[in-house]
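One structure below.
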Amino acid sequence: MTFTFSKKEKLKSQKLIEHLFSQGKTVVAYPLRLVYIETTFGDDVRAKVGVSVSKRHFKHAVNRNRIKRLMREVYRLNKGDYFNNSSTQYALMILYIGKDGTDFETINSKMRLLFDKFIKETSLD
RNA sequence: CAAGUAAUUCGCCUUAUCGCUCAAGUUUAAUAUUUGGGAGGAAAGUCCGAACACCAUAGUGCAACAUAGUGGUUAAUGGCCACCAGUCGUGAGGCUAGGAAAAGUGCAACAGAAAGUAUGUACAGGUAAUGCUGUAGUGAAACCAGGCAAACUCUAUGUGGUGCAAUGUCAUGUAUACCAACGUUUGAGGGCUGCACGCUCGAUUGUUGGAGGGUAGACAGCUAAAAUGUGCUGGUAACAGUACAUUCAGAUAAAUGAUAAGGGCUUUUUCUUUUUAGAAUUCUUUUCUAAAAAGAAAAGUACAGAAUUCGGCUUAUAGAUUUACUUGCUUA
């Protein structure tokens with residue numbers, strides 16, 4: 001039921017992104033890094049997510065697109081396990097900080113690890 | 001058949017599951033659902049030329065930059081086509097930095113005494129005397145001469161700037177020029193404070209409304225056009241004209257994807273089988289070598305992702321494909 005990933009779940013507001021990078025907290029599971037912050041949206045969604053890949057490490061747009069698509073796909077398939085019971089709303093930004101190419105399996109396992117850490121951090125607060 | 005030259009076309013496919021985005025229809029409080037569309041030959045580099053938009057703009061000259069045989073083509077070009085010349089190649093063809101050296105400045109590897117403020121050596125001639133004269137020698141070139149303009153320069157021609165993050169429309173919040181109404185030196189309002197009193201600042205003022213400006217954001221620009229395909233006509237060609245058909249991405253932290261299974265294609269290696277040829281042999285057979293075909297396994301399946309739109313150029317690219325031509329060999 002929750003495998004969709006529509007426009008409303010994407011992080012698009014420039015203001016919010018600036019706020020996120022200046023105030024947000026960080027969790028790392030190499031080669032991924034998650035920046036997150038509690039916030040509120042007008043919409044009825046639990047989290048808004050953006051993904052990013054450094055232009056410095058991946059010169060060609062094809063490779064950047066490939067990694068961003070993989071990250072979005074993995075988030076789409078796994079988000080039900082982490083956000084269904086959450087009551088607060090989060091703005092998230094997932095960054096790929098590795099320098100080499102990757103595949104679906106590594107991104108999948110690393111992102112599950114990343115969100116395990118994220119859940120642990122937020123439940124402590 | 002082999003080696004090559006010039007061009008052409010293509011550049012993975014199918015199914016299942018889960019998604020993304022745009023348009024249209026139906027439907028809701030959010031939305032849901034149906035149907036259809038959804039990357040390239042270079043979308044890349046951003047190197048030329050245009051369209052379009054805004055800004056600037058009397059005229060002329062200088063500077064800077066670009067171009068450089070002749071003719072044609074185009075919306076335009078520094079692109080493209082044809083021809084001439086030079087040059088490389090046996091050839092098909094390739095390449096060209098193809099204006100000017102009697103305007104001036106500068107440069108010239110190797111060789112050579114010296115590549116212009118010079119004149120050495122040897123021999124010969126000549127003089128009062130002297131590189132004064134000739135020859136030899138080096139070199140592409142050795143003094144009333146030439147080469148180089150991928151050196152400055154000169155000549156001719158051309159060029160305003162910024163790019164869709166252009167530009168236009170709407171506009172929440174915050175601060176506020178200006179205008180109006182109301183309040184206010186008989187103290188409005190602010191600060192200290194939970195409130196009152198009190199203290200203090202205080203007319204460059206407070207509240208409300210209008211209005212302007214235009215940040216977040218939204219919409220337009222924004223995809224039907226110098227469009228694409230096929231045929232015919234004109235032209236050596238680039239290209240032009242014409243008839244018919246087609247509608248073919250519009251995202252914006254930026255869609256066009258992910259996973260699984262199967263199939264193509266390619267190359268090399270390994271293994272197996274079959275056929276042919278040759279060699280060895282105990283001449284039924286067996287073994288070895290070479291070539292071809294089939295099958296199996298493994299590996300590979302490129303370069304690369306629209307961002308206002310076109311015409312070019314340049315660069316990257318696994319592999320496949322077709323056409324024309326050249327050279328060599330063989331056969332008739």
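Atoms considered below: every heavy atom in the structure, side chains included; atoms not considered: hydrogens, waters and symmetry mates. So you know, we letter chains A, B, ... as the sequences are listed, proteins then strands, and number each from 1. Values in this document were obtained by computation on a predicted structure and should not be read as measured data.
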With [atom1] as the reference atom in both, quote the distance from [N] to [M] in angstrom, rounded to an integer.
| N | M | atom1 | result |
| --- | --- | --- | --- |
| B/rC303 | B/rC271 | P | 33 Å |
| B/rU105 | B/rU153 | P | 16 Å |
| B/rU322 | B/rU267 | P | 15 Å |
| B/rG25 | B/rG241 | P | 39 Å |
| B/rU314 | B/rU117 | P | 47 Å |
| B/rC1 | B/rG234 | P | 39 Å |
| B/rU67 | B/rU256 | C1' | 44 Å |
| B/rU228 | B/rA249 | P | 14 Å |

When both hydrogen-bonding distances must be under 3.5 Å and the geometry is Watson-Crick or G-U wobble, what is [N] paired with, if anything?
| N | answer |
| --- | --- |
| B/rA324 | B/rU5 |
| B/rU233 | B/rA240 |
| B/rC164 | none |
| B/rA64 | B/rU159 |
| B/rG19 | none |
| B/rG86 | B/rC95 |
| B/rA175 | none |
| B/rU252 | none |

Completion exercise
Assert: residue with more 5' nearest nucleotide on RNA chain B, out of A/Leu70 and A/Val62, is A/Leu70

Handout entry: A/Glu73 or A/Glu105, whichever maps to the more 5' nucleotide of RNA chain B
Key = A/Glu73

Hey, is [N] sitting syn or anti, using the within-90° cutoff around 0?
| N | value |
| --- | --- |
| B/rG106 | anti |
| B/rC54 | anti |
| B/rA103 | anti |

Could you list the protein-to-nucleotides 252-255 of chain B atom pairs, N/O on both sides, closer than 3.5 Å?
from: B/rU252; atom 1: OP1; to: A/Lys7; atom 2: NZ; distance (Å): 3.3
from: B/rU252; atom 1: OP1; to: A/Lys12; atom 2: NZ; distance (Å): 2.9
from: B/rU252; atom 1: OP2; to: A/Lys7; atom 2: NZ; distance (Å): 3.3
from: B/rA253; atom 1: O2'; to: A/Leu11; atom 2: O; distance (Å): 2.7
from: B/rA254; atom 1: OP2; to: A/Arg72; atom 2: NH1; distance (Å): 2.7
from: B/rA255; atom 1: OP1; to: A/Arg72; atom 2: NH2; distance (Å): 3.3

Handout entry: Ring geometry between A/Tyr75 and A/Phe115 (parallel below 30°, tilted from 30 to 60°, perpendicular above 60°)
Key = tilted

Among residues at least two apart in sequence or on other chains, which ones pass side chain to side chain contact (heavy atoms under 4.5 Å, CB included) with [X]?
| X | value |
| --- | --- |
| A/Arg64 | A/Val53, A/Lys55, A/Phe58, A/Ala61 |
| A/Leu77 | A/Phe3, A/Glu73, A/Phe104 |
| A/His60 | A/Asn63 |

[X] [atom1] - [N] [atom2] separation (whole Å):
| X | N | atom1 | atom2 | value |
| --- | --- | --- | --- | --- |
| A/Ile67 | B/rG257 | CD1 | P | 16 Å |
| A/Lys55 | B/rG305 | NZ | C1' | 13 Å |
| A/Phe58 | B/rG305 | CZ | P | 14 Å |
| A/Tyr75 | B/rU259 | OH | C1' | 20 Å |
| A/Arg66 | B/rU256 | CZ | P | 12 Å |
| A/Arg76 | B/rU21 | CZ | C1' | 14 Å |
| A/Asp103 | B/rU259 | CG | C1' | 12 Å |
| A/Lys59 | B/rA304 | NZ | P | 9 Å |

Between protein and nucleic acid, restricted to nucleotides 300-302 of chain B and to nitrogen or oxygen atoms under 3.5 Å apart, what atom pairs and distances do you find?
none

Completion exercise
Closest heavy-atom pair, A/Leu70 versus A/Asp103, reported as atoms and distance to 0.1 Å, is CD1-C, 4.2 Å

Calculate, to the nearest 0.5 Å, the distance between atoms [atom1] and [atom2] belonging to [X] and [Y] respectively.
| X | Y | atom1 | atom2 | result |
| --- | --- | --- | --- | --- |
| A/Ile97 | A/Ser52 | CD1 | OG | 11.5 Å |
| A/Ile107 | A/Asn78 | CD1 | CG | 11.5 Å |
| A/Met111 | A/Thr106 | CE | OG1 | 10.5 Å |
| A/Ser109 | A/Leu114 | OG | CG | 11.0 Å |
| A/Tyr96 | A/Met71 | OH | CE | 8.5 Å |

Exercise for the section: Could you tell me whether the side chain of A/Thr26 reaches within less than 4.5 Å of the side chain of A/Arg33, counting heavy atoms only? Expected result: yes

Practice task
Ignoring backbone atoms, test whether A/His60 places a side-chain nitrogen or oxygen under 4.0 Å from the OP1 or OP2 oxygen of B/rG305.
Solution key: yes

Practice task
Sorted by first residue and then second, give each salt bridge (charged side-chain N to carboxylate O under 4.0 Å, His left out) pair with at least one member in residues 110-119 of chain A; sequence neighbours left out.
Solution key: A/Asp81-A/Arg112

